[in-house]
Amino acid sequence: MPKAPGRWAPRVAGGVLALALVFTIAVTTPWHLIDLPKPDATLDFTAAQIARQNAFRHEILPWSTASWVISIVVPLLIGFTPLGRKLYDRLGIRPWFLRALVLVAGIALIANLLAVPTDVMAERISRKYGLSVTDWRLWVWDRGVNWALTALGVSVLVVVLMALAKRWKQGWWLPGAIVTALLVLGVSFAYPVLVEPRFNQFTSLPAGALRNDFMQLAERDGVPVKDVLVADASKRTTALNAYVSGFGSTRRLVVYDTLLKDVPPAQVRLVVAHELGHAAEDDVLHGTLIGVLGAAFGVTLLRLLLGARMGDPRRTGTVVALVVVGATLAAPVQNLVSRKIEARADYHSLRLTNDPRDFAAMQKDLAVRNISGLDPSPWRYWMFATHPTPPERIAMGRAWARDNGGTVPPLAKK
């Protein structure tokens, strides 16, 4: 049985983890790639396209913002008031860890159900603008699966930490930090094969000129790609997208079937080159490393805030609320890093293809099709934007052309 570290140990460990986290973010994040001209949506988007984007966001943002507020406020109200302890006491389930599991799932379910009206309104607006094509049965299924996966992950984490705190009153944070870090690592590794198939079916891109072009592009880039998968996203949306997930043996390159149906091959090639940039830089692995350090740091903060009280199951709601606070506060930093990583993948795409004109046209077409925000308010940009705005991405294409002896003319008339 290990001895509980002294009171100074979690403070020192927290400080070391904070420094490691800051150092890792500072070193692995591409802060500057190229000098960009000032983004200007009016250069590349027509007045009608800008008006449509503004109208869509004017209609949908109040509802999506309300859903986000509900997802935060509900856990806080339950966890930081006597209501959390009362709910735990009234469940009457034994043993304690089952009661804690049910309470965590219940908090997530309450938030989910309270957000149904606002989410329905947001879905109706997405359908009005032709962005969503999912039927209501699939919409409910997706919400249920998302709730189940979220509740399972958070409840397992909370119960494991509480069990460790029951076993080691003061020293629980050390094994807790290790277990939490391993959980983040495991989820990131297994996500492509355990979670993604719950929402989409994946098939190999059929043999042909397009597949051959992708594989040759990957070979020239020095990125080992065994297969390119196509997700049946068209059953839910008309949006265009592609992504890389997992690392090591679970890494996969996925394109939406909508992308293959409606986008010129030259633009699809640029999208794939962008995703190859993520693979070449091991962005998923780097993001996982930051997540591992952040999770371990979060456990040390729980130790400093709750101490031995972490072992009290009646504080389950409080722990959930603290997790929500931590995730909310971390979001702006995560998004900042994500935007820089995405910009590097754009830069990689330009270097690999040397096709800034098609790059700019692709970014415009994606933005118009996905009704992407062209000029979000500063707080929305920091809290929610995981990618640069379309005008920022087009500005990168224009900067690349400028530095390599070319030009990208304004696209607004096209």
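Note that the structure is predicted; figures quoted are calculated from it, not measured.
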So, [X] versus [Y]: side-chain donor-acceptor pair below 3.5 Å or not?
X	Y	result
Thr118	Ser67	yes
Glu342	His274	yes
Thr65	Arg380	yes
Thr42	Asp40	yes
Gln53	Tyr129	no
Thr386	Asn335	no

Side chain to side chain, [X] and [Y], heavy atoms closer than 4.5 Å:
X	Y	value
Phe56	Leu61	no
Asp375	Thr389	no
Leu260	Val268	yes
Leu352	Leu276	yes
Trp141	Arg198	no
Leu77	Leu83	no
Glu196	Ser245	yes
Met396	Leu33	yes

Can you tell me how far the [atom1] atom of [X] sits from the [atom2] atom of [Y], to the nearest 0.5 Å?
X	Y	atom1	atom2	answer
Leu194	Thr250	CG	OG1	9.5 Å
Leu302	Met310	CG	CE	5.5 Å
Leu103	Leu98	CG	CG	12.5 Å
Ile178	Trp173	CD1	CH2	9.0 Å
Leu301	Leu322	CG	CG	9.5 Å
Ser64	Glu123	OG	CD	12.5 Å

So, the side chain of [X] versus the backbone of [Y]: is there a donor-acceptor pair under 3.5 Å, distance only?
X	Y	value
Thr316	Ala100	no
Asp135	Arg137	yes
Arg211	Leu205	yes
Thr258	Thr238	no
Thr237	Leu131	yes
Asp232	Gln201	yes
Gln49	Thr46	yes
Arg314	Asp89	no
Arg303	Gly298	no
Arg309	Leu305	yes

Using a strict cut-off of less than 4.0 Å between a Lys/Arg side-chain nitrogen and an Asp/Glu carboxylate oxygen, indicate whether [X] and [Y] qualify as a salt bridge.
X	Y	result
Asp142	Arg236	yes
Asp44	Lys364	no
Arg344	Asp283	yes

- Task: Return the orientation label for the Trp68 and Phe384 ring planes: parallel under 30°, perpendicular over 60°, tilted otherwise.
- Result: perpendicular

- Given Phe97, Trp96, Trp172, the one that forms side chain to side chain contact (heavy atoms under 4.5 Å, CB included) with Lys166: Trp96

- Task: Using side chain to side chain contact (heavy atoms under 4.5 Å, CB included) as the criterion, point out the one residue from Asp257, Leu259, Val133 that pairs with Ser234.
- Result: Asp257

- Query: Could you walk me through whether Arg351 and Asp221 pass the salt bridge (charged side-chain N to carboxylate O under 4.0 Å, His left out) check?
  - Reply: CA-CA 10 Å; Arg351 286 196 298 113; Asp221 200 24; over 6 Å; no

Restricting to non-hydrogen atoms, name the atom on [X] and the atom on [Y] that form the minimum distance, rounded to 0.1 Å.
X	Y	result
Arg11	Leu304	CG-CD2, 3.6 Å
Ala122	Ile60	O-CD1, 3.7 Å
Pro75	Ala321	O-CB, 3.5 Å
Ile125	Glu59	CD1-O, 3.2 Å
Ile341	Thr28	CD1-O, 4.4 Å
Arg252	Pro192	NH1-O, 3.2 Å

- Is it the case that Arg99 places NZ or CZ above or below the six-membered ring of Tyr88, under 6.0 angstrom from the centre and within 45 degrees of the axis? yes

- Task: Take Ile78 and Ile110 through the test side chain to side chain contact (heavy atoms under 4.5 Å, CB included) and record every step on the way to the result.
- Result: CA-CA 10 Å; Ile78 293 176; Ile110 292 170; 4.2 Å; yes

- Task: Flag the pair Trp400 / Phe359 as yes when their ring centroid distance falls below 6.0 Å, and as no otherwise.
- Result: no

- Message: With a 6.0 Å cut-off on the ring centroids, do Trp136 and Trp139 count as close?
- Response: yes

- Message: For a side chain to side chain contact (heavy atoms under 4.5 Å, CB included) check, start with the C-alpha distance between Ile394 and Arg398, then their side-chain angles and the critical distance, and finish with the verdict.
- Response: CA-CA 6 Å; Ile394 294 173; Arg398 198 160 272 133; 3.8 Å; yes

- Query: Step by step, would you call Ile25 with Val333 a side chain to side chain contact (heavy atoms under 4.5 Å, CB included)?
  - Reply: CA-CA 9 Å; Ile25 292 174; Val333 176; 4.2 Å; yes

If you draw a 6.0 Å radius around [atom1] in [X], do more than 12 non-hydrogen atoms from other residues or ligands fall strictly inside?
X	atom1	value
His32	NE2	yes
Arg124	CZ	no
Phe80	CZ	yes
Lys235	NZ	yes

- Would Asp282 and Phe247 satisfy side chain to side chain contact (heavy atoms under 4.5 Å, CB included), going step by step from the backbone distance to the final call? CA-CA 8 Å; Asp282 284 324; Phe247 57 89; over 6 Å; no

